[in-house]
Number of protein chains: 2
Amino acid sequence: MATIKDVAKEAGVSIATVSRVINNVGKVGEKTRSNVIAIMNKLGYTPDANARALKTQKSSTIGVVIPDISDPFFSSLANGVEEVASSKNMQMLLSTGKMSAESELKAINLLVEQRCDAIVLHSKFLSDDVLVSLSDKIPGLIFIDRFIDEVSDKCIWLDNFEGGKIAARHLLALEHKNVAFINSNYDIDDPKLRLGGFEEIVKSFDLSINSKLKVNNEPTLKGGELAAQELLAQAENFTSVFAYNDAMAIGAISVFEDNGYKVPNDISIIGFDDVLLSKYSRPKLTTLRYPIAEMANHAAQRAIDYSSNDVPLKSELKYIPSLVKRESTTRLIRG
Amino acid sequence: MATIKDVAKEAGVSIATVSRVINNVGKVGEKTRSNVIAIMNKLGYTPDANARALKTQKSSTIGVVIPDISDPFFSSLANGVEEVASSKNMQMLLSTGKMSAESELKAINLLVEQRCDAIVLHSKFLSDDVLVSLSDKIPGLIFIDRFIDEVSDKCIWLDNFEGGKIAARHLLALEHKNVAFINSNYDIDDPKLRLGGFEEIVKSFDLSINSKLKVNNEPTLKGGELAAQELLAQAENFTSVFAYNDAMAIGAISVFEDNGYKVPNDISIIGFDDVLLSKYSRPKLTTLRYPIAEMANHAAQRAIDYSSNDVPLKSELKYIPSLVKRESTTRLIRG
DNA sequence: CTGAAAGCGCTAACAG
DNA sequence: CTGTTAGCGCTTTCAG
């Protein structure tokens with residue numbers, strides 16, 4: 001692979017001059033410039049980003065840590081970051097944090113080794129303490145989908161509690177009194193918050209959720225199916241369901257329908273996330289929109305700002321999910 | 001950020017020694033080693049991958065270019081690459097090639113600047129010539145979803161023609177005589193090949209596709225809806241549809257059902273890709289499985305082999321899609 | 001307008 | 001077992 005030296009020699013100039021034309025800085029004679037460019041093309045010269053990064057101490061690189069790229073929610077997140085990366089001519093590095101503190105840490109470490117200027121981190125398993133000390137070490141580090149008080153300026157997050165409340169209000173406004181809750185069984189905050197918000201509203205209506213109608217499972221299609229089966233097995237009345245996410249909601253719908261219940265006429269169901277799937281499913285899923293791509297976009301911008309010591313624009317870091325009314329919920333039909 | 005020099009000074013040893021403990025090579029006294037490690041932790045030292053890459057001329061980095069991460073098909077591809085990256089402690093760089101030759105080229109160039117050891121390239125818009133010359137320049141470059149004769153050893157691809165044949169055989173075996181074809185309107189090979197294979201089998205049954213029943217649109221959910229409307233507007237008989245991909249198939253299903261046709265009883269429909277969606281849709285979609293994650297895995301492996309001058313194991317580079325029978329196709333019910 | 005030279009952080013002989 | 005040193009490819013003063 002040709003180096004700057006090869007180009008300089010072939011063009012009969014110094015490497016300083018070549019560097020100037022590469023970066024389009026300083027004064028270079030028009031003839032020299034065009035000659036150098038010609039030689040670069042001839043030699044197929046491509047600058048070495050590693051050498052450049054070493055010298056300048058900036059890598060033009062932005063890292064992202066997510067648990068799993070193939071999950072549509074996280075690929076939207078990655079997409080949001082990628083948009084700003086490519087708009088700034090930066091390169092995106094992707095590391096997967098799987099589902100453990102250990103691999104999250106490893107993923108970040110790889111990114112730090114690469115000296116990413118900015119990093120967008122989705123971490124659910126590392127403790128606040130670890131994250132705070134990471135934040136001290138890495139100026140351009142932004143946390144997404146997580147709120148930590150000590151570093152609140154670095155957190156872009158969604159109000160899950162409020163999400164739960166919105167879902168509850170929607171179902172109750174549709175006159176459903178017997179609500180069920182299909183939750184994720186992951187030991188992280190989000191499921192607790194969504195349930196918390198949901199229950200708060202339910203209680204404010206002087207109602208409650210039958211504890212047999214609160215079931216947990218993996219936050220996946222399959223988990224939703226299993227949870228729905230469990231719900232049906234309880235032989236308790238319910239006319240509406242709040243599912244932790246769209247995947248679970250869709251799994252649940254298929255079980256309900258296979259058991260002869262119509263959605264939404266017999267059972268209304270609302271999901272969370274508004275991933276692509278919710279539009280593809282039939283009936284189309286009513287859900288709460290989680291604007292993850294915008295949030296990721298914002299996070300990436302902000303990470304870059306911090307990394308370059310720009311003061312980020314004042315902006316709201318908390319996002320509120322919004323209700324997307326589609327076909328899977330309807331007013332209670334009285335028997 | 002602490003450097004190797006800082007660590008050496010603080011530990012009272014030479015940088016060579018520090019380097020040895022970092023890389024765990026050569027002989028280092030047990031006491032020295034543990035002391036150095038302690039200092040590294042104390043200083044929060046993280047080696048600089050750029051400096052290392054510059055020196056060793058290996059970046060431990062694998063690049064991928066895909067048009068769009070948020071598309072589930074491509075995120076599966078990325079996921080396949082990521083698996084091998086993390087298993088080899090390499091870092092994955094992702095560049096999006098959008099949908100134009102220009103941006104594909106730009107994406108690759110960014111990866112070359114980063115001196116990725118291996119690159120998995122999904123290109124549909126660059127010409128064979130350009131790709132071949134790229135291949136000459138970059139040893140660890142593998143093409144995925146593309147076949148180019150001159151560099152056939154570097155191509156991991158799916159036999160789209162055969163896919164069309166399999167779909168046709170399936171529909172015809174179900175006794176459908178009036179088949180429709182919803183195709184992608186992209187000017188790339190895949191749509192032509194799938195149609196070609198499909199028609200070959202149809203003809204071999206002494207049948208043909210009514211040309212009014214061949215419609216094109218964007219290969220998306222929306223495109224599938226529009227195509228289905230167009231099909232319905234033809235007022236021609238058809239009892240089965242082969243859709244270019246799952247997204248189009250699902251879009252078409254929703255239009256058919258909204259117009260009072262039952263799938264599969266009135267209209268059978270088969271998709272292509274077997275992306276996650278196909279399991280989530282109702283009825284569950286019969287489709288052709290495109291083993292993109294395995295292919296990407298294979299491609300990444302092979303790219304790494306080539307980049308390190310290992311001779312890759314002899315292996316089949318051509319993949320054949322396989323029929324996944326679910327609920328959206330059924331035997332023709334005679335009126 | 002152009003060149004010489006230092007040095008970014010690291011690895012890998014080589015010498016001891 | 002440990003240290004010295006050259007140099008990877010590039011940018012950036014500083015001279016000229």
Side-chain angles (χ1 to χ4, degrees), chain A residues 1-37 39-40 43-61 89 91 109-117 137, chain B residues 1-37 39-40 43-61 89 91 109-117 137:
Chain A
M1 189 131 273
T3 73
I4 198 175
K5 228 186 260 178
D6 300 327
V7 176
K9 191 180 297 174
E10 182 89 6
V13 297
S14 73
I15 59 171
T17 298
V18 178
S19 176
R20 289 189 188 98
V21 352
I22 293 169
N23 297 293
N24 207 26
V25 294
K27 303 280 178 198
V28 180
E30 200 37 65
K31 280 179 97 156
T32 321
R33 153 165 280 120
S34 58
N35 181 236
V36 168
I37 290 175
I39 303 286
M40 291 194 325
L43 264 38
Y45 170 74
T46 314
D48 183 323
N50 293 303
R52 180 179 283 161
L54 179 58
K55 180 65 199 177
T56 62
Q57 301 290 63
K58 311 185 42 280
S59 62
S60 295
T61 242
N89 273 300
Q91 186 55 55
N109 230 43
L110 282 170
L111 262 22
V112 176
E113 287 187 5
Q114 301 290 336
R115 296 294 187 270
C116 293
D117 297 332
K137 186 177 167 190
Chain B
M1 188 132 272
T3 72
I4 198 174
K5 228 187 258 176
D6 301 327
V7 176
K9 190 179 298 173
E10 182 89 8
V13 297
S14 73
I15 60 170
T17 298
V18 178
S19 175
R20 287 190 190 98
V21 351
I22 293 169
N23 298 293
N24 206 25
V25 295
K27 302 278 176 200
V28 180
E30 200 37 65
K31 280 180 102 155
T32 320
R33 152 164 282 117
S34 58
N35 181 235
V36 168
I37 290 175
I39 302 288
M40 292 195 322
L43 265 40
Y45 170 75
T46 314
D48 183 323
N50 293 303
R52 182 180 280 161
L54 179 59
K55 178 64 195 177
T56 61
Q57 301 289 66
K58 307 182 51 275
S59 62
S60 295
T61 241
N89 273 302
Q91 186 54 54
N109 232 45
L110 282 170
L111 262 21
V112 175
E113 286 187 5
Q114 300 290 337
R115 295 295 187 271
C116 292
D117 297 332
K137 185 178 167 191

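Not measured: the values here are computed from a predicted model. In what follows, every chain begins at residue 1, and chains take the letters A, B, ... in the order their sequences are listed.
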Interatomic spacing from NZ in A:K58 to CZ in A:R52 - rounded to 0.5 Å: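 Nearest 0.5 Å value for the NZ-CZ distance: 10.0 Å.
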Can you tell me how far the CD atom of B:Q114 sits from the CD atom of A:Q114, to the nearest 0.5 Å?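 The CD atom of A:Q114 is 8.5 Å from CD of B:Q114, to the nearest 0.5 Å.
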Member of B:D117, B:N50, B:L54 meeting the side-chain contact (heavy atoms from CB on, under 4.5 Å) criterion with B:S59: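 Between B:S59 and the candidates, side-chain contact (heavy atoms from CB on, under 4.5 Å) is satisfied uniquely by B:D117.
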Have a look at A:I37 and tell me which of A:V21, A:I22, A:T32, A:V7 forms a side-chain contact (heavy atoms from CB on, under 4.5 Å) with it.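 Exactly one option meets the side-chain contact (heavy atoms from CB on, under 4.5 Å) with A:I37, and it is A:V21.
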Using only side-chain N and O atoms of B:T32, determine if any of them is under 4.0 Å from OP1 or OP2 of D:dC1.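 Result: no.
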Determine, stepwise, if the pair A:L111 / B:Q91 fulfils side chain to side chain contact (heavy atoms under 4.5 Å, CB included). CA-CA 8 Å; A:L111 262 22; B:Q91 186 54 54; 3.7 Å; yes
For a 4.0 angstrom threshold against heavy atoms of chain A, report the outermost contacting nucleotides of DNA chain C in 5' to 3' order.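 In short, chain A contacts DNA chain C from C:dC1 to C:dG9.
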Donor-acceptor under 3.5 Å (A:S19 side chain, A:I15 main chain):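 No.
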For [X] against [Y], the heavy-atom pair lying closest together:
X: B:V25; Y: B:V28; answer: O-CG2, 4.4 Å
X: B:V36; Y: B:A11; answer: CG2-CB, 4.3 Å
X: B:T46; Y: A:R115; answer: O-NH2, 2.6 Å
X: B:Y45; Y: B:T3; answer: CE1-C, 3.5 Å

Could you work out how much the helix from C:dC1-D:dG16 to C:dG16-D:dC1 bends, comparing the axis of its first five pairs with that of its last five, to 10°?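 Its terminal axes enclose an angle near 40°.
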Where protein sits on nucleotides 9-16 of chain D, one letter per nucleotide: B base, S sugar-phosphate only, - none, heavy atoms under 4.0 Å: BBBBB---
